[in-house]
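First up is the structure itself, then whatever we jot down about it.
Worth saying up front: this structure is predicted, and the values here are computed from it rather than measured.
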Amino acid sequence: MRNNLDRDLTRLSVVRNLGILAHVDAGKTTVTERILYATGTTHKRGEVHDGTTVTDFDPQERDRGITIFAAAVSCEWEGHRVNLIDTPGHVDFADEVERSLRVLDGAVAVFDAVAGVEPQSESVWRQADRYGVPRIAFVNKLDRAGADLDAAVESIRTRLHPVPLVVQLPIGTEDGFEGVVDLLRMRALTWNADGGDTPVEAPVDTPVPEELREEALRRRRLLEEAVAERHPAALEEFCDQGTLSARTLSGALRDLTRTGDGVVVLCGSAYRNRGIQPLLDAVVAYLPSPLDVPPVAGTDPAGTGTDAGAGTGTDAGAGAGNDAGERRPADPDAPFAALAFKVNATPTGRLTYLRVYSGTIEKGDAVWESGTRRTERIGRILRVQADRHAQLERAVAGDIVAVVGLKAARAGSTLCAPEAPLVLEPPGVAAPVVSVAVEARTSADADRLASALARSAEEDPSLVVRTDSETGQTLLSGMGELHLEVAVEKIRRSLGVEVTVGRPRVTYRETVARGVSGLVFRHVKQDGGAGQFAHIVLDVEPLDAGSPGAEGGAATGFVFRSAVVGGRVPQEYVRAVEAGCRDALAEGPLGGHPVTGLRVTLTDGATHVKDSSETAFRTAGRLGLREALRRCAMVLLEPVVEVTVTVPEDVVGGVLGDLAGRRGRVTDSTVRGGSAIVTATVPLAELFGYATRLRSRTQGRGAFSTRPTGYAPAPAPTATPTR
């Protein structure tokens, strides 16, 4: 048994679980394809524009030319197993990135050498920051006109705020880009002119072209100084010897990457297959193995009450990080624990994607599922290669695999050994901001549509299906217009159900502009037997815009506090009042939208010796806050997004006018390489159809991307939109 354990631990040290992160069109999928080609996993280079890539296998991905669904692949490089997830770059599919980052040990962030840091690059970088995922950066497309490594690195420094540690110097620029100088080993790597994948190294005695030697030495010195400033062992050697050896420099770069104190930056051109092998070497050298990351932390469901089984929201995460939580090391001999991060509900069965954090799982094993608190059985274990799978006999700590046979597990569910239950923190799920009304064209398809919508929501937690209580419409909500288009098209293609779709709607919020003080509410009910009595006094006021919940110019969130003195309202009744107030937030007085951005203070109250109860005070809290909101001055909030538009300089005037007509507020405008880059804050409701309008105004040369920034007050004419 010990020999098997030693062998498994040795195997874990050569595993790398990483994701590819980037903005749309920065080259994520092409980088993934070249990695598969360089490692011998594929024998033909797939191209996005030809629809021949491995990871963009869904018909919609190939039709649209973008990554929509996170796809897992696996390959071998220099004796290491690389489990890789190619993530989407469009903001509408940020939830796919969120779920992937939750289970990854490292990431490669890809940047366009011309555009540098783009809006979605910044978003995915912040997502990785939240999960503490170590990263290395790859500046792609150095063969493009206007490519500038230094400008791209400077944008990384100023917009993302890491310490970029550049370890390569390009050989040639734009069309003349042919290779890189490795600043650690001071050697030149060039690639064949036809884009072949075999690097040609310069002779050892003349490792760097003479015309680049002085610049390479200067950059090597800057790299050594930056590393020595942040790494104690490197600083000691630098002070003693005035330089750093390649071994010391490499070890320091590994430590700085894993602690997040620095980001190694490499460069190349994935399309021309230049720079991929050094990137793989950097993945192996600098990014952590499962043994290098801290043991996963979870909570004991026996000690967390009913909330532990749900395993959702921040409560689980808070419990996972405290001293009372339980930690499981990446040890194949430890109790089994895994997190489900993706579910693919196919007509032939459900594929549940798992990251195994500890222990070992084999075919036929029983596992405990946190969401339903019941035991399920593993049917098959699969090694995933995008849309292809290879069967495995078992999976151990550190593996990313798919399993067949689980009926109830959802994305975010914890799977563990029944005798050692554990609840892991699930990935966060963003609240949907856009809705469409969907209905089957024929009554015969109504049941099939309901089943298809349920399956879509099961696969993608950021999709929400609900029935409007007033109109009876079935509403599908998601992260954006494209997100919903993809979901509906998938239903049409997979099940052949003809669906009628209404115009997308945004989800509004209501907030308090001017509050009320001293609102007295008495709840008295007597129907025979024990009655209900609750007397409360409430103050309602808006949250400050500068509070921690403030986003996009409007404060969000809800704060409840009690200022009752003398025990006039017992503590258990105070909690009941708070619960009732939270119930009242579901529908506001303006249009029945959720209420946010307010503070409620319970200032006084009274009880009855027989008729007071938690139920009575909860009812009083709900009805009392509803009454208070009707007396408050309320404001409707609408979701706003940051739009970054890139257009030719000669059409920028028309684009600015169009944004102004959509109630947009321009926050920045720059000119780079003949293109104008305009950043504006625009209400989401005004962006429907903008892609078509922009293409029309720019003859197809314009592009834009969006990033949610929160909520802002809606103008008075739209204060009561039709629901």
Side-chain angles (χ1 to χ4, degrees), residues 15-24 26-29 31-32 35-36 53-58 61 66-75 81-110 120-138 283 287-288 290 293 296 317 338-344 351-357 382-387 398-403 409-415 424-430 458-463 479 483 486:
V15 171
R16 300 292 184 271
N17 294 317
L18 67 135
I20 306 293
L21 314 174
H23 185 87
V24 177
K28 296 181 312 302
T29 300
V31 168
T32 304
I35 287 176
L36 295 177
T53 58
V54 172
T55 53
D56 285 354
F57 58 85
D58 187 271
E61 293 178 309
I66 62 172
T67 299
I68 296 173
F69 309 106
V73 292
S74 185
C75 56
R81 170 165 291 280
V82 179
N83 297 319
L84 188 151
I85 297 179
D86 179 22
T87 64
H90 196 285
V91 66
D92 282 16
F93 309 105
D95 200 62
E96 288 272 333
V97 182
E98 188 87 10
R99 294 196 299 272
S100 299
L101 283 171
R102 173 62 181 85
V103 299
L104 293 172
D105 300 327
V108 175
V110 180
Q120 192 60 13
S121 307
E122 189 170 351
S123 295
V124 297
W125 191 273
R126 302 303 176 211
Q127 286 177 295
D129 280 342
R130 288 200 299 273
Y131 289 108
V133 177
R135 280 143 282 171
I136 59 178
F138 182 71
V283 164
L287 292 180
V293 297
V296 67
L339 185 69
F341 66 95
K342 183 179 174 69
V343 173
N344 187 10
L351 278 180
T352 306
Y353 292 76
L354 306 179
R355 163 63 193 267
V356 182
Y357 282 102
L382 306 174
R383 175 79 66 195
V384 182
Q385 199 72 3
D387 58 339
D399 276 337
I400 293 178
V401 296
V403 298
R410 301 290 186 267
S413 295
T414 300
L415 301 174
L424 302 177
E425 179 187 3
V429 179
E458 181 181 336
E459 291 183 337
D460 186 350
S462 61
L463 286 173
M479 301 306 297
H483 188 205
V486 168

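- A salt bridge is absent between Arg81 and Asp399; no separation between the charged side-chain nitrogens and carboxylate oxygens falls under 4.0 Å.
- Within the model, atoms OG1 of Thr414 and CD of Glu425 stand 10.0 Å from one another, a figure rounded to the nearest 0.5 Å.
- Using a 4.5 Å heavy-atom cutoff, the side chains of Leu84 and Thr32 are in contact.
- Between His23 atom NE2 and Ser123 atom OG the span is 9.5 Å, to the nearest 0.5 Å.
- A distance of 5.5 Å separates CZ of Phe341 from CD1 of Ile400, quoted to the nearest 0.5 Å.
- Contact between Val15 and Gly398 at its shortest, heavy atoms only, is CG1-O, 4.0 Å.
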Given the rule in the side-chain hydrogen bond (donor to acceptor under 3.5 Å, both in side chains) test, do His483 and Asp95 qualify, once you have shown the distances and angles that lead to the verdict?
-> CA-CA 11 Å; His483 188 205; Asp95 200 62; over 6 Å; no
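- Side-chain contact between Leu339 and Arg99 is absent, with no heavy atoms from C-beta onward closer than 4.5 Å.
- Across Leu21 and Ala107, no two heavy atoms sit closer than the pair CD1-CB, 3.7 Å.
- The side-chain heavy atoms of Asp105 and Leu287, taken from C-beta on, include no pair separated by under 4.5 Å.
- Closest approach of Cys75 to Leu36, counting heavy atoms only: CB-CD2, 4.3 Å.
- Between atom CD of residue Gln127 and atom CD of residue Glu122 there is a gap of 12.0 Å, rounded to the nearest 0.5 Å.
- A heavy-atom distance below 4.5 Å is not found between the side chains of Ile85 and Tyr353.
- One distance of note links CD1 of Ile35 with CD1 of Ile20; it measures 4.5 Å at 0.5 Å rounding.
- Between Gly412 and Pro426, the shortest heavy-atom contact is O-CB, 3.5 Å.
- The shortest side-chain heavy-atom distance between Pro290 and Arg355 falls under the 4.5 Å cut-off.
- Counting heavy atoms from C-beta outward, Val403 and Leu354 have side chains that approach closer than 4.5 Å.
- Summarising the geometry, atom OG belonging to Ser100 is positioned 11.5 Å from atom CG belonging to Asn17; distances are rounded to the nearest 0.5 Å.
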Taking it one step at a time, do Leu18 and Val108 satisfy side chain to side chain contact (heavy atoms under 4.5 Å, CB included)?
-> CA-CA 7 Å; Leu18 67 135; Val108 175; 3.6 Å; yes
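- Here the closest heavy-atom approach between residue Gln120 and residue Ala94 is recorded as NE2-CB, 4.2 Å.
- In this structure, the side chains of Leu351 and Glu459 stay at 4.5 Å or more apart for every pair of heavy atoms.
- Between the Arg135 side chain and the Trp125 main chain, a donor and an acceptor come within less than 3.5 Å of each other.
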For Val124 and Thr87, what are the C-alpha separation, side-chain angles and deciding distance, and is it a side chain to side chain contact (heavy atoms under 4.5 Å, CB included)?
-> CA-CA 10 Å; Val124 297; Thr87 64; 5.9 Å; no
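- When atom types are taken as modelled, the side chain of Glu458 and the backbone of Arg410 share no donor-acceptor pair closer than 3.5 angstrom.
- A pairwise comparison of heavy atoms in Arg102 and Pro427 identifies CB-CB, 3.8 Å as the closest pair.
- The shortest side-chain heavy-atom distance between Val97 and Pro88 falls under the 4.5 Å cut-off.
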